[in-house]
Structure formats: structure tokens, C-alpha cells
2 protein chains.
Amino acid sequence: MSRWPSDGRERLRQAALELFAEQGFAATTVPEITARAGLTTRTFFRHFPDKRAVLFVDEDEISEMVARLMAEAPAAVEPMALIRDGLRVLAETRFEGRRPELRARRALVATDAGLQERDLRKRAAMAEAIRTGFLTRGIDASRAALLGEVCATVLSLSIEEWLDSDDPRTLDHVVQATFDTLRAELG
Amino acid sequence: MSRWPSDGRERLRQAALELFAEQGFAATTVPEITARAGLTTRTFFRHFPDKRAVLFVDEDEISEMVARLMAEAPAAVEPMALIRDGLRVLAETRFEGRRPELRARRALVATDAGLQERDLRKRAAMAEAIRTGFLTRGIDASRAALLGEVCATVLSLSIEEWLDSDDPRTLDHVVQATFDTLRAELG
DNA sequence: GTCTATATCGCGATAGAC
DNA sequence: GTCTATCGCGATATAGAC
């Protein structure tokens, strides 16, 4: 057995989420978090690059998932079809069924400017992953960048609408509706 | 008369930009900046909310400009026409002729994650200003949000392309070309 | 203007897993 | 032995309170 209870990272995450919920993000200090987790301040920064990172542990996972989905799709699949299918998979595996949890997280992020900026970086990372995926598939640079940004935009707006409402539409339905609205707007 | 040469804010900004260029953003401390400007650390934070803000002094101005342009346009102007004209004005008054300066700024922002996040917030602020403008003009909420985001996306991608190349196209031309590409992509 | 809290990170030591 | 997680101490910068 280890001298220290294992999985310190997860204990730190749990403690941090509890404290953020109890007293807010800004009012919670790293020493408070580590005290609750039974660790030291220094240890916190070995696991997380900064205090905000606790709320964005899955940031990289989405980009990796996007990269994998795009790499695995047959070369013949057209860009917009790939986007449609990819967003459906993303919606079903990472969003559907988590509405309450995601709402709570959104409310917390809304309380702090630093968290909002970090959230924007997450969106940018997704756009970048899509751009890279299309470049790898042989799409030219400006088309790839445009597809990445539009895809990230449509997804984030759709998530907002989906979280705002209580109607039983799935996120994927909202995404398709957003694309339709966009087409109508530009056309 | 003041005991100190006036316009401390501008001296701070100059000193900061020099030091950022000489040694990088992260390696430059606020005490260093204020020492060069002949002021105290406290004075720096009276003028700027944080170290990054030095590079984003015009952040609010663009949002205000967007709000004004949208409020002044006749009610009969269609959304996409308003966007087209608004982006043209923005491109001509705030970007055209500043390519070298904007390139240097972009290179600096690229060196620091914190600066990139702040840059993303600037983009988000613009999208939000456009969204609010359309809401005021009576457009429904989801259309307004979509128009704001798409507009911000097209502008930022166009700026990137315009800064990347040395060709003599104006930013406004690149913006229109980006809209055309987007239409083709979705259609 | 001064003072202070807090975030962040570098370094060397230590404990246990393998 | 090596590798990794942790500790304890301390330094510095940012940022805000007073």
C-alpha cells in the first residue's frame, strides 16, 4: 500500500468542485482545495497548470476525439457530411443525458471572466482540431479553417440553445436546425 | 502642472510594448515596465486591469463602433447587407494600412496562452455586440446570435488570411471572398 | 501609496512501487 | 537501483484591499 491514499488528482478535483459550488470559484483558494484533499499546495500545481484547469480536464479529449473521427472516416466522405456525422457522434457520446451537470458548469463559468476565457479557448481548440483534420484529408487551408470555425460556432450556439430550453429535442436536432438557419441566412 | 510628465498611461504602454518586444511578454514584469516609465507598480494597475490589457486597449472601441453602426443603419436594411457594409467600414477604418503593426501584434500574442485567451475574448465581445445590435433591430434571438458569431468568425478568419499574405487585396475583399466560400461550402 | 493575499513555480528530500 | 508522487521550504509576481 502507498503511504498516501492514491489518486490524489481525483481527490483534488473533487475537493475543488465541492468548494467552487459552496463558495464560488474566485473565493476558493488553492490551499483550501489541497487542505480538503489532504495534500499540499505544491502538489496541486503538479496536477493542474492552474486553478481553472480543474474545470477543463476533458478539454483535450474532445480534440482527440475529433481528430480520430476525422482520420477514421473514409476519404470519399464529403466535408459537410463528415461534419454532420461527427457532430452527431459528439452530441450523443459527450453531451446527451448530461444536461443538468452541463448547466451547473455553465452557471459556474458565467461567474468568472477567467473561466469564460478558458471556455473560449476550448472552442478554439475544437475549431483547430477540425481544421487540422481537414488539412490532413487534403482540403485546402482556407476551406479547412472556415469549416473548423463554422463547425465550432454551430456546435457552441446549439449547446447554448439546448441548455437554455427544457424541450425534449436532442442536441443533434438542435445542431441540424442551426445549420438550416445558417443556410437560410446566407442564401 | 503635474510633478510628473503627463500621459503616464501612454508612457506605460510604450515601455510595456518595448519590453515585450525585447524580452517577450511572460518574461516582462510589471515592475520592469513601471521602472522604465518612471512610475510605480500601483500606477500601472490604475491604468490597466492586468498586464495583458496593454495589448488590448482598443477592445471596447470596436464593440462600441459596431453598436453605433448598427443603431444608425435604417431599419429597412437587411441583416446580411448591414453586415457587409459594417465590415467594410470596420476594415477600412481600423485595419487597412496597419498590416505591419498588426502582424507584429499577432506574433506577440502567439507566444503566450494568456494573450491568446484574451484575443478570443475580443472576438467574443464583437459577436456579442452584433447579437445585441440585431436584437435591438427586432431580429429573433437565435438568428441574432448566429449572425453575430458568423460575422465574428468571417472577420477573424479574413484578418488571418489578409495578414498571412502580401498580396495587395484589401481586407474588405478578403472578407467578401470568405463569405462566398462559406456560402459555397454550406450550399 | 503602502500593505497584503494569493497564484504560481523552482529546488532538494523522501517514501514507496517496480 | 529507477521512477514517480509527494512534501516542505521558499521565492516572485500579480492583483486588490486599505
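Order of the sequence lines fixes the chain letters, A, B, ..., with proteins taken first and strands second; residue numbering starts at 1 for each chain.
- Within the nucleic acid shown, Thr34(A) has no heavy atom closer than 4.0 Å to any nucleic acid atom.
- Inspection of the Asp140(A) and Ser142(A) side chains reveals an N or O donor paired with an N or O acceptor under 3.5 Å.
- Here the nucleotide nearest the side chain of Arg46(A), chosen from dT8(C), dG8(D), dT14(D), is dG8(D).
- The side chain of Thr29(B) sits closest to dA13(D) out of dT6(D), dT8(C), dA13(D).
- For the pair Leu39(A) CG and dA15(C) C1', the interatomic distance rounds to 14 Å; values are reported in whole Å.
- Distances shorter than 4.0 Å separate some side-chain N or O of His47(A) from OP1 or OP2 on dT6(D).
- Rotation axes derived from the C1' atoms of the five outermost pairs at either end of the helix from dG1(C)-dC18(D) to dC18(C)-dG1(D) lie 10° apart, to the nearest 10°.
- Seen from the ring of Phe20(A), Arg105(A) does not count as a face-on cation partner, given the 6.0 Å and 45° thresholds.
- Looking at residues two or more places apart in sequence or on another chain, you find a side-chain hydrogen bond (donor to acceptor under 3.5 Å, both in side chains) between Asp172(B) and Arg88(B), Gln176(B).
- Side chains of Arg123(A) and Thr153(A): a donor on one and an acceptor on the other come within 3.5 Å.
- Side-chain atoms of Thr40(B) lie closest to dG1(C) of the nucleotides dG1(C), dA15(D), dC7(D).
- Residue-level contact check: Gly38(A) touches the backbone only, with heavy atoms under 4.0 Å from sugar-phosphate atoms and none from bases.
- Between the side chains of Thr34(A) and Thr40(A), no donor-acceptor pair of N or O atoms lies under 3.5 Å.
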